[in-house]
Amino acid sequence: GMGVVAVANPLMIGMQNFLGPKIAHSFAGQESAYLRSAVYRYSGAFSLIVVPIVAFLALFGNWAVVFLYGAKYDGYALVVSLLAIDLLTAPLRFSLSRALFSMNKADLDTATNIIPFVVLLGAGLWLINEHSVFGVAASILLGNIAVTVVKLGVFLRFCRSERWTMNTP
């Protein structure tokens, strides 16, 4: 399942390389409200590119797994679908990460990255034990949803509490 979903990696990395600097530049010399708007705008644009990939994987993921790995892997449609849905968390999660860096809050961004591991140790181990490969996919999805929600909360907190302009050299 992961191999099939990894087909999206070049596009995801390309979008990140394109949007990372755009997010930083959108904040240079601007107030935090402008950065917040840019994060939503860029996340939305990135999501529009990801949605067709997710739809394709959700509809044809099982076929792709069987095509690539053989008939013994038939029946993994739900696993591929969960991993594809996980791709939907990437645009906002990435945009928030770059925004936190732009706000000189890289320490908080880095600290939030422990959340998927905490989810794995909590619900993830149970999910994996009870549901095998499906549990792995569910744990990945839950961890990435959790870290995205926390990054959003941290970002919004600092956007609201610090009405400042980034100083550019």
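Residues Y42 and Y34 fall into different hydrophobic clusters, defined by Ile, Leu, Val, Met, Phe, Trp and Tyr side chains chained together at heavy-atom separations under 4.5 Å. In the hydrophobic clustering of ILVMFWY residues, with side-chain heavy atoms under 4.5 Å counting as a link, I23 and F101 come out apart. By the rule that hydrophobic residues join a cluster once side-chain heavy atoms approach within less than 4.5 Å of another member, V66 and L83 end up as members of separate clusters. Hydrophobic cluster membership is shared by I114 and L121, with clusters built from Ile, Leu, Val, Met, Phe, Trp and Tyr side chains linked at under 4.5 angstrom.
Annotation for F117: atom CZ does not count as buried by contact number, only 12 or fewer foreign heavy atoms lying within 6.0 Å.
F46 CZ to L88 CG: the interatomic distance, rounded to the nearest 0.5 Å, is 10.5 Å. In this structure, OG in S132 is found 11.5 Å from CG in L127, a value given to the nearest 0.5 Å. Expressed to the nearest 0.5 Å, how far OG of S102 lies from NZ of K22 amounts to 13.5 Å. A distance of 5.0 Å separates CE of M12 from CG of L87, quoted to the nearest 0.5 Å. Taking CG from L120 and CD1 from I128, the interatomic distance works out to 5.0 Å, rounded to the nearest 0.5 Å. Atom OG of residue S81 and atom CG of residue L59 lie 8.0 Å apart, to the nearest 0.5 angstrom.
Relative ring orientation between F56 and F60 is described as tilted, the plane-to-plane angle lying within the 30° to 60° band. Ring geometry for Y69 against Y73 counts as perpendicular: the plane angle is over 60°, on a 0 to 90° scale with 30° as the lower cut.
Across P91 and V50, no two heavy atoms sit closer than the pair CG-CG2, 4.0 Å. In this structure, P116 and V147 approach most closely via the heavy-atom pair CD-CB, 3.9 Å. Of all the heavy atoms in A138 and L82, the pair that sits closest is N-CD1, 3.9 Å. Contact detail for A84 and V54: the closest heavy-atom pair is O-CG2, 3.2 Å. For L96 against V39, the heavy-atom pair with the smallest separation is CD2-CG1, 4.0 Å. Summarising the geometry of N62 relative to Y76, their closest heavy-atom pair is OD1-N, 2.9 Å, with the distance given to 0.1 Å.
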Worked check of side chain to side chain contact (heavy atoms under 4.5 Å, CB included) between R36 and F155: CA-CA 8 Å; R36 187 174 55 244; F155 173 70; 3.9 Å; yes
Side chain to side chain contact (heavy atoms under 4.5 Å, CB included) evaluation trace for T89 with D86: CA-CA 6 Å; T89 67; D86 181 60; 3.5 Å; yes
M15 and F94: CA distance, side-chain angles, deciding distance, side chain to side chain contact (heavy atoms under 4.5 Å, CB included) verdict: CA-CA 10 Å; M15 286 302 297; F94 172 76; over 6 Å; no
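Contact check for T112 versus I115: side-chain heavy atoms found under the 4.5 Å cut-off. Counting heavy atoms from C-beta outward, V154 and K105 have side chains that stay 4.5 Å or more apart. Put simply, the side chain of C159 reaches to within 4.5 Å of the side chain of M103, judged on heavy atoms.
Side-chain atoms of K151 come within 3.5 Å of backbone N or O of D109 as a donor-acceptor pair. A distance-only check finds no donor-acceptor pair linking the side chain of S97 to the backbone of R93 [under 3.5 Å].
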